[in-house]
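Written below as structure tokens is the structure these notes are about.
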Amino acid sequence: GAVVSQHPSRVICKSGTSVKIECRSLDFQATTMFWYRQFPKQSLMLMATSNEGSKATYEQGVEKDKFLINHASLTLSTLTVTSAHPEDSSFYICSARERSSGVGEQFFGPGTRLTVL
Amino acid sequence: RKEVEQDPGPFNVPEGATVAFNCTYSNSASQSFFWYRQDCRKEPKLLMSVYSSGNEDGRFTAQLNRASQYISLLIRDSKLSDSATYLCVVIHSGGYNKLIFGAGTRLAVHP
């Protein structure tokens, strides 16, 4: 299957700092990438849908000024958590859909575990 | 009410057992249905799609009941390697085909 990478895999930061997470599709072009957040023992919650060359579409309740998404190329999307606070500590996962894949098949990155002190 | 509901488990079963999970969804406009598998602290991976006619992939059988709005997954002859969290996923019609995830059902297969 297609490969999606995320960097970093784990980050610990102080409250008030900003953290950037990169999501790359390694062997395919992804016109659409998705950003999810997962708290312990809860489901993955879609935060935003990122389209190459256009503004991201945010889900209800997700602050677009706090979670900045940039999808500058067909293989790279970034999520920046600005002024992070302890309640932002979570598992952030990106996914990408390959143009030729089925509607339900998204390839997920390995996730980034963010801990805000 | 959550859009996709699952029994969180855990289901503790011995190797070789048959185990079934159910999932219910609230939006009757849901178009497509899937089971994903997620290992501890890892990303989800697509296990199989779910069709109204039912579909089978080796030891795994998935069923969809649109009238009752529930989806099932049956695992036969459980292996230790089946231990994971199984996520029920639905897609509504329209824009970007967003995946809506259930919270997952945890399965632990023991020797």
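In what follows, chains are A, B, ... by sequence order, proteins preceding strands, each numbered from 1. What you are looking at is a predicted structure, and each value in this text was computed from that prediction instead of being measured.
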Report task. Side chain from CB out, backbone as N, CA, C, O: work out which of these in Q38(B) comes under 4.5 Å of a heavy atom of chain A, or both, or neither. Result -> side chain
Query - Contact origin within R106(B) toward chain A - heavy atom pairs under 4.5 Å - result: neither
Query raised in the report: Under 6.0 Å from the NE2 atom of H110(B), do we count more than 12 heavy atoms belonging to anything else shown?
Result: yes
Requested in this report: Pick one of side chain, backbone, both or neither for I93(A), based on which atoms fall under 4.5 Å of a heavy atom in chain B.
Outcome: side chain
Query raised in the report: Which word best sums up how the rings of Y36(A) and F101(B) line up, parallel for under 30°, tilted for 30 to 60°, or perpendicular for over 60°?
Result: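 Rings of Y36(A) and F101(B): perpendicular, as their planes differ by over 60°.
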**Report entry** Closest non-hydrogen atom pair between C94(A) and Q6(A), with its separation
**Finding:**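 C94(A) and Q6(A) have their closest heavy atoms at N-OE1, 3.1 Å.
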Query raised in the report: For the candidates P8(B), P44(B), S49(B), G102(B), which exhibits the highest count of non-hydrogen atom pairs separated by less than 4.5 Å from chain A?
Result: P44(B)
Requested in this report: Please answer: with hydrophobic residues joined when any side-chain heavy atoms are less than 4.5 Å apart, are L99(B) and Y70(B) in the same cluster?
Outcome: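 As far as the 4.5 Å side-chain criterion goes, Y70(B) and L99(B) are not connected within one cluster.
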Query - Aromatic centroids of Y58(A) and F67(A) separated by under 6.0 Å - result: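 Centroid distance F67(A)-Y58(A): not below 6.0 Å, so no.
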Requested in this report: Could you tell me which of Q42(A), M45(A), R113(A) has the largest number of non-hydrogen atom pairs under 4.5 Å with chain B?
Outcome: R113(A)
